[in-house]
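Reviewing the structure listed below.
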Amino acid sequence: MKPLKVNKARLWDSLMEMAKIGATEKGGCCRLALTDLDRQARDLYIQWAKEAGCSIRIDAVGNIMATRPGEDMSLAPVGTGSHLDTQPTGGKFDGVFGVLSGLEVVRSLNDHGIKTRHPVEISVWTNEEGSRFAPAMMGSGVVSGRFTLQEILDKTDVDGIRLGDELERIGYAGDTPVTGREYHAFFETHIEQGPYLEAEDKVIGVVTGGQGQRWYDVELTGQESHAGTTPMHLRTDALTCASSLILAVQAIAQQHKPGCGTVGFMQVMPNSRNTIPGKINLSVDLRHPDDAQLSAMDAELIKTVERLVAETGVQIHLKPIWYYAPIPFDKNCIEAVRGSAADLGYSHMDIIAGAGHDACYVSDFAPTSMVFTPCLNGISHNEIESTTPEECEAGCSVLLNAMLRMAEVVSADTDLEEETLVLHRVGEL
């Protein structure tokens with residue numbers, strides 16, 4: 001079997017063109033979900049997908065499906081995709097690399113005149129980041145049944161703006177049903193967002209599953225008072241209590257290695273220099289690849305809250321808003337990724353996805369795996385997020401060949417070597 005490679009320059013040019021939408025001064029991107037910038041990115045992607053011969057459907061939660069026909073359209077498609085929304089200070093590659101890798105797969109199939117038995121479909125999932133609207137991975141979560149459509153449409157951002165209203169405003173409230181989606185197989189390509197591939201000097205991460213996550217909203221209520229006239233022993237300082245909670249979250253994660261604990265959002269009220277803070281809103285994010293350990297972290301967080309309430313007099317409302325257990329990916333899809341990396345001569349290693357990805361929810365209803373590529377110093381969710389054209393080419397080429405293993409090549413242009421056509425389903429290897 002002769003593996004194929006994608007067009008490196010075309011893939012990179014597309015990434016750089018998309019990065020102009022919401023470009024930041026430090027070289028990153030800010031395209032929050034369902035903003036005007038998100039609409040511009042969606043519009044450009046749809047234009048490119050149509051030019052590549054894809055038909056477009058949009059479902060009721062705003063997910064975009066671009067489909068390249070297969071010989072037998074009654075068969076479930078082989079899918080790929082990711083997201084176009086970013087963090088407020090995001091990079092140029094998180095999510096969008098997966099979407100445009102899918103587009104480059106279609107373009108490469110067109111280049112070689114390859115026809116597949118199964119259709120090939122690229123998905124753009126709505127609000128993967130969970131930055132403007134929480135929780136994350138909303139679009140794939142509705143399709144998987146983790147969330148109901150109505151509960152997601154009724155979510156609001158910090159300004160009280162409703163998600164469903166924003167979908168309507170930007171023109172992406174589609175009429176395709178969110179239920180009944182099927183894939184013969186699904187692959188998501190993504191930068192690793194961590195340091196392991198770079199540290200191990202590997203080109204490809206073969207993702208075998210995703211770690212579990214628990215998200216919480218926390219409200220701490222103390223007593224506002226004058227900073228100069230209230231003695232220290234008579235204060236009920238919500239921010240001091242919040243500081244203790246933040247340190248406890250870090251300690252919990254350190255006690256449950258390789259778990260992670262993060263407080264990434266905070267609002268201080270009244271946020272005045274000479275007033276003792278009376279109210280704090282913050283987020284807690286706990287993660288672990290083992291569900292029993294994640295449950296233990298949850299129990300310790302609850303005990304910490306109870307202790308701080310007793311010690312400080314600050315009232316703490318801990319509200320769990322999102323949970324999913326660690327997720328194992330499909331063995332055949334994993335082998336398709338691993339085998340394609342080996343066929344292409346790329347060094348590779350098995351890896352667990354530390355971040356949440358749409359593929360994790362897609363795995364609820366379809367055989368799924370992921371392809372990871374390195375990012376400089378493991379940095380992501382940051383404007384300095386960086387990778388190289390060669391690393392993008394490698395990940396996308398692995399994606400192309402993994403998808404072909406599942407989609408079943410039935411014909412190709414005669415100028416291709418005959419062995420290119422001998423691409424088997426994983427179960428036949």
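Keep in mind that this is a model prediction, so the values were computed, not measured.
Side-chain contact check for Glu393 and Ser397: no donor-acceptor pair (N or O, by modelled atom type) lies under 3.5 Å. Residues Gln213 and His288 have side chains that never bring a donor and an acceptor to within less than 3.5 angstrom of each other.
When the ring pair (Phe, Tyr, Trp, His ring centres under 6.0 Å) test is applied to Phe186, the partners found at least two apart in sequence or on another chain are Tyr183. When the side chain to side chain contact (heavy atoms under 4.5 Å, CB included) test is applied to Asn281, the partners found at least two apart in sequence or on another chain are Glu219, Gln267, Met269, Lys279. Applying the side chain to side chain contact (heavy atoms under 4.5 Å, CB included) test to Glu166 and every residue at least two apart in sequence or in another chain returns Leu34, Arg132, Phe133, Ile161, Arg169. With sequence neighbours left out, His357 forms a ring pair (Phe, Tyr, Trp, His ring centres under 6.0 Å) with His190, Phe372. When the ring pair (Phe, Tyr, Trp, His ring centres under 6.0 Å) test is applied to Trp215, the partners found at least two apart in sequence or on another chain are Trp322.
The shortest non-hydrogen separation linking Asn63 to Met65 is O-SD, 3.7 Å. When all heavy atoms of Pro374 and Leu197 are compared, the pair lying nearest together is N-CD1, 3.7 Å.
At a threshold of 4.5 Å between non-hydrogen side-chain atoms, the residues Met18 and Leu100 count as touching.
Shown here is Asp201, whose CG atom has no more than 12 heavy atoms of other residues, nucleotides or ligands within 6.0 Å. No more than 12 heavy-atom neighbours from other residues, nucleotides or ligands sit within 6.0 angstrom of CD on Glu182. Environment of CE in Met232: sparse, with no more than 12 heavy atoms of neighbouring residues, nucleotides or ligands closer than 6.0 Å.
Here the CG atom belonging to Leu32 is positioned 8.0 Å from the CG atom belonging to Asp85, to the nearest 0.5 angstrom. Note that CG of Leu109 is 5.5 Å distant from CG of Leu404, once rounded to the nearest 0.5 Å. Separating the CG atom in Asp154 from the OG1 atom in Thr148 is a distance of 8.0 Å, to the nearest 0.5 Å.
The backbone N or O of Tyr196 sits less than 3.5 Å from a side-chain atom of Glu192, completing a donor-acceptor pair.
One finds a salt bridge joining Arg307 and Glu311 here, because a Lys/Arg side-chain nitrogen approaches an Asp/Glu carboxylate oxygen to under 4.0 Å. Salt bridge status for Glu390 with Lys8: present, with a side-chain N to carboxylate O gap under 4.0 Å.
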Would Arg42 and Thr126 count as a side chain to side chain donor-acceptor pair (under 3.5 Å) here? Give the steps. CA-CA 10 Å; Arg42 287 164 171 259; Thr126 294; 3.0 Å; yes
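For residues 6-42, the pairs satisfying ring pair (Phe, Tyr, Trp, His ring centres under 6.0 Å) are Trp12-Phe93, with sequence neighbours left out.
Geometrically, Arg214 engages Tyr323 in a cation-pi contact, judged by NZ or CZ lying under 6.0 Å from the ring centre and within 45° of the ring axis.
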